[in-house]
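Shown next, in structure tokens, is the structure this report addresses.
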Amino acid sequence: MLGFFDSGLGGLTILKEVEKIMPEYSYVYLGDNARAPYGPHGEEMIYNFTKEGVAELFGRGTELVVLACNTSSAVALKKIQQEFLPKEFPDKRVLGIIIPTAEEIGNTSSAEEIGVLGTEATINSKVYEKEIEKHFPELKIHGQSCPLLVPIIEAGETEWEGLESATKKYLVELFKKSEKVDSIILGCTHYGIIEDLIAKNIPANVKIISQGKIIAEKLKNYLSRHPEIDGKIEKNGKRIFLTTENSDRISKLAGLFLGKAVNFEKTRLD
Ligand code: DGL
């Protein structure tokens, strides 16, 4: 199976796009909703939480886990790949979503100045700046953390006017950094579901880059280049959805992210 991990429901916006082009694969999704948001936490806590989530997904028979969470990808991925996997799961793989986004960014847009919206941990890590610089050093990056957005979205308050006020505030702060921002990366998987709200509050010529389609294409390409991993992944269209929170509440909210109703089961991490 293929595993997807997020602090909460945001990773479903990535899984939704992956499913569209790879429907035959079997997927296990895990949202650590009980401990979300991860964004305000320090590196050690984010690493430990992410590691526990990854171990749970491996325990459920996944060969490869995608950290469908920018915060975990920014803060925990390297240590998981360099320390945790070699020691505990040498035959398994974990991939993040920031490097593939950074690799594609200059190809998918005519950007010159890019705004990145993300959690505090993602923006403070400067991983977007570092990774984009490797491929497109001419691009200027302006990070903007948006700490209120994930808690509001995880609470299911997507129609609440406070969400729009908070979004506007962060966009004003971003454009204060540079009026020349011409593209915006939604650098948190939760923000996919407020793309229209963001679009409404930025100049019409500013392009929004969301990660779902980029990650789906990159994952498909990765698996075609790694038949030794792809060959081990079940392809019978099975779907399992796990959460560390109240599964009824999470099942009700999930439709908003995935575009269809699904049933979550409760699990424990520690
Ligand atoms: N979806 C996660 C991300 O992409 C949200 C992080 C959080 O829990 O704060 O960053």
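Ligands are counted one by one from 1 in listed order, and the atoms in each one are counted from 1 as well.
- What sits closest to atom 9 (O) of ligand 1 on the protein, heavy atoms only, is G39 N, 2.8 Å.
- Nearest protein heavy-atom neighbour of atom 6 (C) of ligand 1: T71 OG1, 3.2 Å.
- For the pair G8 and ligand 1, no heavy-atom separation below 4.0 Å is found.
- Distances between N or O atoms of T122 and those of ligand 1 include no value under 3.5 Å.
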Please output the side-chain donor-acceptor pairs of residues 79-94 that fall under 3.5 Å, not counting sequence neighbours, one pair per line with the distance.
{"from": "Q81", "atom 1": "NE2", "to": "V94", "atom 2": "O", "distance (Å)": "2.8"}
{"from": "K92", "atom 1": "NZ", "to": "T62", "atom 2": "O", "distance (Å)": "3.0"}

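- Smallest separation of non-hydrogen atoms from H41 and A121: O-CB, 4.4 Å.
- Checking only distances, T189 does come within under 3.5 Å of ligand 1, N or O to N or O.
- Within the model, atoms CG of D230 and OH of Y25 stand 3.5 Å from one another, a figure rounded to the nearest 0.5 Å.
- Among all non-hydrogen protein atoms, the one lying nearest atom 7 (C) of ligand 1 is Y38 N, 3.2 Å.
- Cation-pi geometry between R239 and Y27 is not met: the NZ or CZ atom fails to fall both under 6.0 Å from the ring centre and inside 45° of the normal.
- Residue-ligand proximity, D6 to ligand 1, at heavy-atom distances under 4.0 Å covers atoms 1 (N), 2 (C).
- Every residue two or more places apart in sequence or in another chain that forms a salt bridge (Lys or Arg N to Asp or Glu O under 4.0 Å) with K218 is listed here: E103, E104.
- The side chain to side chain contact (heavy atoms under 4.5 Å, CB included) test with V116 is passed by exactly one of T122, L186, I185: I185.
- Contacts between S7 and ligand 1 below 4.0 angstrom, taking non-hydrogen atoms only, involve the side chain exclusively.
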